[in-house]
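To start, the structure itself, in structure tokens.
For clarity, every value in this text was computed on a predicted model and none was experimentally measured.
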Amino acid sequence: MSTVTLISGSTLGSAEYVAEHMAEILENDGFSTEVLHGPSLEDLPLEGLWLVVTSTHGAGDLPDNIQPLADAITQHHPDLSKITFGAVGIGSSEYDTFCGAIRSLERLFADHGAKRIGDRLEIDILQHEIPEDPAEEWVKKWAKLL
């Protein structure tokens with residue numbers, strides 16, 4: 001089966017835990033995975049499958065550990081047309097900018113040619129105290145689309 005590169009953007013660690021949990025599920029389904037927390041553009045394969053998991057920081061901002069990746073894509077305009085990706089956001093619906101970080105990353109990837117597979121998952125921490133639970137359900141369905 002394919003290799004899935006999981007990319008996490010996190011301020012307090014929840015997106016990292018979710019990405020690691022999703023990697024375990026994917027591995028149990030026969031995929032190989034690589035989990036990268038806040039990778040640089042040079043760390044990423046420019047073809048294949050990405051699964052991006054990020055929390056939203058501040059007023060809809062990307063976490064500090066993934067902002068450099070977004071900046072590098074904006075500055076260097078890599079061709080991402082050989083990338084398909086899944087998108088998972090974590091946030092609180094009490095804010096207007098709920099899951100703003102994953103939405104902006106999705107637009108950035110699409111603007112550079114990447115194509116999303118399946119629906120975006122937005123995890124509301126007000127409804128899911130343990131964000132791994134909805135992520136587990138979603139990734140099992142997402143894997144069937146691959």
Q: State, without any angle test, whether N28 and E24 hold a side-chain donor-acceptor pair at a distance under 3.5 Å.
A: no
Q: Consider only side-chain heavy atoms of I, L, V, M, F, W and Y, link residues closer than 4.5 Å, and tell whether L6 and L146 are in one cluster.
A: yes
Q. Quick one: do V18 and I25 end up in the same hydrophobic cluster if we chain Ile, Leu, Val, Met, Phe, Trp and Tyr together by side-chain heavy atoms under 4.5 Å apart?
A. yes
Q) So, do S55 and L12 sit near enough that their side-chain heavy atoms are less than 4.5 Å apart? A) no
(Q) For a quick test of reading the model, state the closest non-hydrogen atom pair linking S10 to N65 and the distance between them. (A) N-OD1, 2.9 Å
Q. Can S40 and D43 be said to form a side chain to side chain donor-acceptor pair (under 3.5 Å), step by step?
A. CA-CA 5 Å; S40 67; D43 294 334; 3.2 Å; yes
Q.
Looking at R103 and L105, would you say the former's side chain and the latter's main chain have a donor-acceptor pair under 3.5 Å?
A. no
Q) Between P63 and T54, which heavy-atom pair has the shortest distance, and what is it? A) CD-OG1, 3.3 Å
Q. Looking at G89 and I102, what are the two nearest heavy atoms and their distance?
A. CA-CG2, 3.6 Å
(Q) Would the distance check show the side chain of T56 and the main-chain N or O of A101 forming a donor-acceptor pair, the cut-off being under 3.5 Å? (A) yes
Q) Atom CG of L46 and atom NE2 of H112: how far apart are they, to the nearest 0.5 Å? A) 11.5 Å
Q: From the options L44, L51, V35, select the one residue that forms a side chain to side chain contact (heavy atoms under 4.5 Å, CB included) with I7.
A: L44
Q: Using the side chain to side chain contact (heavy atoms under 4.5 Å, CB included) rule, pick out the option among C99, S93, P134 that qualifies with E122.
A: C99
Q.
Please tell me whether T3 and S32 have a donor and an acceptor in their side chains that are separated by less than 3.5 angstrom.
A. yes
(Q) Could you check whether any side-chain N or O of K82 sits under 3.5 Å from a backbone N or O of L80, counting only pairs where one atom can act as donor and the other as acceptor? (A) no
Q: Verify the cluster assignment for V88 and V4: are they in a single hydrophobic cluster under the rule of side-chain heavy atoms below 4.5 Å apart?
A: yes
Q) Given E16 and S8, is the side chain to side chain donor-acceptor pair (under 3.5 Å) satisfied, shown in steps? A) CA-CA 6 Å; E16 292 177 5; S8 74; 4.7 Å; no
Q: Look at the side-chain heavy atoms of Ile, Leu, Val, Met, Phe, Trp and Tyr, link any pair under 4.5 Å apart, and say whether V52 and L121 land in one connected group.
A: no
Q: Please report the closest heavy-atom contact between L49 and S2, naming both atoms and the distance.
A: CD1-CB, 3.6 Å
Q) How far apart are the C-alpha atoms of H37 and E20, what are their side-chain angles, what is the distance that settles it, and do they pass the side chain to side chain donor-acceptor pair (under 3.5 Å) test? A) CA-CA 10 Å; H37 302 301; E20 290 168 5; 2.8 Å; yes
Q) Hey, any chance F109 and I117 share a hydrophobic cluster, counting ILVMFWY side chains that come within less than 4.5 Å of each other, even indirectly? A) no
Q: Report yes or no: does W138 contribute a side-chain atom to a donor-acceptor pair with the main-chain N or O of R120 at less than 3.5 Å?
A: no
Q) Is there side-chain contact between T74 and D71, with heavy atoms separated by less than 4.5 Å? A) no
Q) Looking only at heavy atoms, which two atoms of D29 and A143 are closest? And how far apart? A) OD2-CB, 4.1 Å
**Q.** Minimal non-hydrogen separation, L41 against A72, with atom names
**A.** CB-CB, 4.0 Å
Q | Value rounded to 0.5 Å, distance of CD in E94 from CG in D124 | A | 8.5 Å
Q. Can you tell me how far the OG atom of S92 sits from the CD atom of Q127, to the nearest 0.5 Å?
A. 10.0 Å
